[in-house]
Structure formats: structure tokens, C-alpha cells
Number of protein chains: 2
Amino acid sequence: MEPKDAEPIESRSSPVCVNNPYLDQMKDDILYHFSLATATHDLPAMFGDVKFVCVGGSQRRMKSFIEYAAAELDMGDPESDYPDLCAGTDRYAMYKVGPVLSVSVWLEPGTVVITKQSVDPTFTPKFEQIVLGKLVVRNTDLDRSLAEELLQCSKELNQFKAVMGNTMCTMDFYEGQARMDGAFCSFTEKEKREYLKKAHDAGVCNIEMESIVFAAMCNLSGLQAAVVCVTLLDRLEGDQMSSSHEVLQDYAKRIQILVGYYIKKQLKAEAVQVHN
Amino acid sequence: MEPKDAEPIESRSSPVCVNNPYLDQMKDDILYHFSLATATHDLPAMFGDVKFVCVGGSQRRMKSFIEYAAAELDMGDPESDYPDLCAGTDRYAMYKVGPVLSVSVWLEPGTVVITKQSVDPTFTPKFEQIVLGKLVVRNTDLDRSLAEELLQCSKELNQFKAVMGNTMCTMDFYEGQARMDGAFCSFTEKEKREYLKKAHDAGVCNIEMESIVFAAMCNLSGLQAAVVCVTLLDRLEGDQMSSSHEVLQDYAKRIQILVGYYIKKQLKAEAVQVHN
């Protein structure tokens with residue numbers, strides 16, 4: 001991994017590609033889901049210095065992460081409260097400290113998995129979208145060097161097991177993830193095991209429900225992106241989330257520790273570059 | 001509509017169909033997303049009397065609805081606060097008053113549309129799901145008599161315009177809904193208009209992102225279900241949600257008024273039946 005680690009930072013910070021020629025003609029752009037708009041908010045002033053966007057499952061967890069990041073990076077007052085930057089809506093919550101933006105979405109909790117490829121339920125790295133009624137297939141490649149760096153960080157931390165592998169992204173939590181504990185189940189235990197075995201053979205390390213869209217959108221935007229999850233249970237052992245709240249919190253914390261460590265390392269490396 | 005309105009209530013309250021033979025073998029069923037479980041919560045005691053489940057977009061809106069329902073139905077103390085029944089998680093919020101359960105998910109705000117059929121972006125009433133890597137196509141029929149009753153209620157209320165029509169359910173808010181104001185746009189204004197015109201010709205009155213899964217799941221469960229939305233803007237006029245917060249709130253309130261009126265009417269009809 002030496003050549004990748006030694007790669008200069010600039011070469012990886014490609015400009016964001018906003019692939020929509022119609023945006024330039026708009027006088028006001030209302031970001032409805034965030035309750036933000038170009039006419040009412042100075043978005044460059046609010047977000048212009050953001051270098052790291054961390055998207056996670058729950059509002060509480062993303063607030064907890066920004067507090068953790070503030071302490072880790074020695075930024076902000078540990079006693080102060082972080083305001084929700086999209087308080088005008090309860091669809092999302094958004095917190096910021098220095099160059100770190102923490103946005104809520106959702107995530108399955110439990111070994112840390114750094115995603116190599118996000119694959120669909122047929123184990124194919126593609127995201128199918130319907131645009132104007134027609135199928136559009138989009139690439140779900142993630143930034144390999146960023147994933148390698150995160151794996152390297154996990155080795156340096158040496159606090160928990162971390163692996164790199166494929167993440168399978170499904171459309172639903174129950175049947176889509178071969179669970180037998182939902183309201184509907186149209187398959188047998190044997191068929192379930194065969195499917196999970198096939199997933200394993202295709203390099204799938206964990207299953208969740210967001211990574212494929214996230215990967216496709218970041219890819220289209222030219223954004224360097226990584227997906228880091230933590231597995232909760234061995235799906236060949238069961239379907240139910242029966243771990244205690246404390247165990248789940250400890251698992252979720254691992255992602256914060258890894259991502260916090262990576263951000264700190266990057267900022268240090270940039271500071272050294274500026275200094276030189 | 002007379003014959004449908006005169007239909008006795010019993011014939012419509014078919015038993016819920018939980019189509020999973022494996023559930024009976026489970027000692028404890030953990031409803032992870034709600035932070036509820038059969039071992040820790042007496043679910044029949046908590047939810048046994050529920051007759052109306054109202055699922056909506058935002059936590060605040062669903063709390064506001066339970067307060068509205070409590071006042072409308074003369075149930076509960078108007079001064080009291082309604083606890084969130086899934087306070088152990090922030091994925092969902094759930095409030096209950098008498099037989100009414102109000103659960104948060106998400107919804108687009110704006111004329112009240114009572115859904116006849118929920119259709120996909122090719123205007124077909126089907127929900128495609130991947131189970132064990134194979135395509136499963138599910139029926140998205142909604143209960144027609146319930147939709148007719150809701151339309152009748154809107155006429156009795158006579159407070160706002162309400163129509164019955166098809167609801168198109170998409171996978172994303174921007175390109176999937178032929179919007180040109182997202183980060184990506186791969187089509188022209190002309191192509192967009194042609195697509196929206198085709199949708200209109202197929203009976204589509206509004207566009208949102210949940211109804212097709214909701215319809216398919218209720219259908220599979222044998223649950224009588226309806227979808228009621230309120231349109232925010234004429235998509236041939238624009239893409240952006242530029243109405244004021246007050247206007248949006250007034251629109252959202254229309255759904256509460258209609259659904260509250262329906263529930264009240266049903267409970268009165270049942271009371272008359274019990275009395276006779």
C-alpha cells in the first residue's frame with residue numbers, strides 16, 4: 001500500500017461534478033429536504049470549508065459523532081451544544097464542526113466492514129434507476145485508495161477487527177435480506193442458507209440498505225467516497241437483532257473511532273503539506 | 001356510491017394475514033426498527049385495540065395528528081403529552097390515542113389526492129422486489145371501497161378540493177420525478193414535459209415515494225388500506241418547493257382533517273351497530 005499512501009492529497013481532491021446544466025439558470029435553489037435555500041441561507045459561508053461529509057443512520061448518532069469529532073480534533077467548545085443546521089425540518093439533522101459535516105440517514109449496526117464494492121441482491125455492482133420511465137444503470141465503484149487508507153487506519157488503531165469486502169445493498173430489511181422473521185416469508189431455511197452462501201462466495205461481508213445509492217451518487221458527482229459499516233450478527237446464525245443496547249452502542253462507536261482517526265490523520269498530513 | 005356506503009362494516013374488516021409460517025416458532029420477536037419486542041413489551045395490551053393506523057412523513061406531523069385526533073374524538077386529556085411508543089429508537093415515532101395509531105415515515109406535501117392505484121414510473125400497478133436474488137412482482141391494489149368512502153367524506157366536509165386518481169411512486173425525488181433541479185439531469189425540458197404528459201394521460205394525479213411499497217405490503221397482509229396525499233405544485237409549472245411554511249402546513253392539515261373525519265364517522269357507525 002506504500003505507493004497509495006504516498007500519493008499526494010491534491011491528486012485525490014478532484015472537483016465535484018454537478019452534472020446538471022439547468023442549475024445555473026435558477027435564481028433560487030430550494031433544498032426542500034434540508035429546509036435550506038440559496039435565497040435564505042449563505043450556503044458557501046455555511047458549508048464552504050467542509051472537507052469531510054459523514055452520513056449515518058440516526059440523528060442521535062450523528063450528533064454524538066460531531067461531539068466526538070469536535071473533541072478528537074480539538075475544535076469547538078466541549079460544553080457547547082451543536083445546533084441542527086436543518087432544524088426547519090425533521091427529515092434530516094445536520095451538525096458541523098470545522099471541516100466535518102455529520103448528516104443523519106440510517107445504518108445497520110455490528111466486525112467493521114470497509115466496502116470494496118457495493119453490490120445489488122444479485123451481487124452485481126450496479127444501481128438501477130428509472131428516469132422518465134426508462135432504465136438507467138449506474139456504476140457503484142467506490143474510491144479504492146480511500147478504502148485502503150481506512151483499512152490502514154484500522155490497523156494503526158488496532159482496537160477492533162476490520163476487513164475490506166463487498167457490501168450487499170437490498171431494498172428491504174426482511175425478505176430482501178433473506179430474513180425469516182418478517183411479516184412475509186416465501187422461502188425455506190435451506191433456500192435462505194443457499195442464498196447467503198452464494199452471497200458469501202461473491203465476497204459479500206455485510207448487508208445494508210443505502211450504500212448502492214450513496215456509491216452511485218458520489219460516483220456521478222466525482223466525490224471521493226467510502227462506506228464503513230459494522231456487522232451486528234452472523235446471518236447464518238440468525239435474523240434477529242438481539243444484542244443489548246450497550247453492545248450495539250459499542251459497535252456503532254467503532255465507526256466513529258475509525259472515521260475520526262482518518263479525518264485527524266488527513267488534516268495532519270495537509271497541515272504538513274501547507275507547512276512545507 | 002350508495003351500495004358501497006351501505007355495506008356492513010364487518011364484511012370489510014377481514015383478518016390480517018401474516019404470511020410467514022416461521023413466526024410461530026419464535027420465542028421472542030424483536031421489532032428492531034421500533035425498539036419493541038414480544039419479550040419486553042406486551043404488544044397485545046399496547047396495540048390490541050388499534051383500528052386505524054395512520055402512517056405519515058414526519059415525526060412532528062404525526063404527533064400533531066394524534067393531538068388533533070384526540071381532540072376530534074374527545075379522547076385523552078388535551079393538556080397531556082403523548083409519549084412516543086418507540087422512544088428507544090429515533091428511526092420512527094409512534095403515538096396512540098384510543099383506536100388510532102399514528103406512525104411517522106415521510107410524505108410529499110399540497111388538492112388532496114385519494115389514491116385509486118399506486119403505479120410505478122412506467123405507470124404500471126406493480127411493486128418489484130428482489131427476494132433471494134430473484135424478482136418477485138407484487139400487486140399494489142388498494143381498497144376501492146375505502147377510497148370511495150374517503151372521497152365521500154371530502155364531499156361532506158366541503159373544505160378543500162379532493163380527487164381520486166393514480167399516484168405514481170418513484171425511487172428518487174429528483175431524476176425519478178423528472179425534476180431538473182437536482183445534482184444530476186440527463187434529459188431536456190421537452191423530454192420532461194412529454195413524460196409528465198404521458199403520466200397525466202395514464203391517470204397520474206400526484207407523485208411520491210412510498211405508496212407502492214405500502215400498497216403491496218397491506219395487500220399481502222389483507223389490510224384495508226388507503227393512501228391520501230396533498231399536492232404541492234403543478235409539476236408542469238416547476239420543480240421547486242417554493243410555497244411558504246404556512247401554506248405547506250395548511251396543505252398538510254387537510255389530510256389530518258379528512259382522515260380525522262373518516263375515523264370519527266366510522267366509530268360513530270360502529271357505535272350505532274353495537275347499539276342496535
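Below, read A as the first sequence line, B as the second, and so on, with proteins coming before strands; counting in each chain starts at 1.
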**Message:** To the closest 0.5 Å, what do you measure between SG (Cys229(B)) and CD1 (Ile207(B))?
**Reply:** 11.0 Å

**Fill in**
Bottom line for Met180(B): the part with an atom under 4.5 Å from chain A's heavy atoms is both

**chain B contact via Ser35(A) - which portion, at a heavy-atom distance below 4.5 Å** = neither

**Asked** Between Leu31(A), Asp181(A), Thr122(A), which has the largest tally of heavy atom pairs under 4.5 Å with chain B?
**Response** Asp181(A)

**Message:** Could you tell me if the side chain of Tyr95(B) sits less than 4.5 Å from the side chain of Glu67(B), heavy atoms only?
**Reply:** no

**Asked** Does a salt bridge link Glu191(A) with Lys134(B), judged by any charged N lying under 4.0 Å from a carboxylate O?
**Response** no

**Proximity breakdown for Thr170(B) and chain A, heavy-atom pairs closer than 4.5 Å** = neither

**Prompt:** Can you say whether Thr188(B) sits under 4.5 Å from chain A via the side chain, the backbone, both, or neither, judging by heavy atoms?
**Reply:** both

**Item:** Single hit among Phe34(B), Tyr92(B), Phe47(B) for side-chain contact (heavy atoms from CB on, under 4.5 Å) with Leu85(B)
**Value:** Phe47(B)

**Message:** Are there residues of residues 212-220 of chain A whose heavy atoms fall under 4.5 Å of chain B's heavy atoms? If so, which?
**Reply:** Met217(A), Leu220(A)

**Message:** Quick one, Phe127(B) and Ser118(B) - any side-chain contact, counting heavy atoms below 4.5 Å?
**Reply:** no

**Atom of Cys185(B), atom of Arg179(B) and distance for their closest heavy-atom approach** = SG-O, 4.4 Å

**Minimum-distance pair of heavy atoms, taken over all atoms of Ala37(B) and Asp28(B)** = CB-OD1, 3.9 Å

**Prompt:** Given Met46(B) and Leu36(B), is the side chain to side chain contact (heavy atoms under 4.5 Å, CB included) satisfied, shown in steps?
**Reply:** CA-CA 11 Å; Met46(B) 287 173 78; Leu36(B) 297 172; 4.1 Å; yes

**Asked** For the atom pair CZ (Arg138(B)) and NZ (Lys126(B)), what is the distance rounded to the nearest 0.5 Å?
**Response** 14.0 Å

**Message:** Counting only non-hydrogen atoms closer than 4.5 Å, does Asp120(A) touch chain B with its backbone (N, CA, C, O), its side chain (CB onward), both, or neither?
**Reply:** neither

**Message:** Let's go through Phe184(B) and Ser221(A) carefully: what are the C-alpha distance in whole Å and the side-chain angles of both, what is the deciding distance for side chain to side chain contact (heavy atoms under 4.5 Å, CB included) to 0.1 Å, and is it a yes or a no?
**Reply:** CA-CA 8 Å; Phe184(B) 316 115; Ser221(A) 308; 3.1 Å; yes

**Prompt:** Do Ser186(A) and Val136(B) have side-chain heavy atoms sitting under 4.5 Å apart?
**Reply:** no

**Asked** Considering heavy atoms only, which positions within residues 196-206 of chain B lie below 4.5 Å of chain A?
**Response** none

**Message:** Given heavy-atom pairs under 4.5 angstrom as the criterion, report whether the side chain, backbone, both or neither of Gln25(B) touches chain A.
**Reply:** neither

**Asked** Do the non-hydrogen side-chain atoms of Asp84(A) and Gln59(A) ever get within less than 4.5 Å of each other?
**Response** yes

**Request:** Taking the side chain as every heavy atom from C-beta outward, state whether Thr140(B) and Gln117(B) have any pair of such atoms under 4.5 Å apart.
**Result:** no

**Request:** With a 4.5 angstrom heavy-atom cut-off, could you sort out which part of Glu175(A) is near chain B: side chain, backbone, both or neither?
**Result:** both

**Item:** Salt-bridge criterion met for Asp81(A) and Lys63(A) (N-O under 4.0 Å)
**Value:** yes

**Request:** Name the region of Phe123(B), side chain, backbone, both or neither, that has any atom closer than 4.5 Å to a heavy atom of chain A.
**Result:** neither

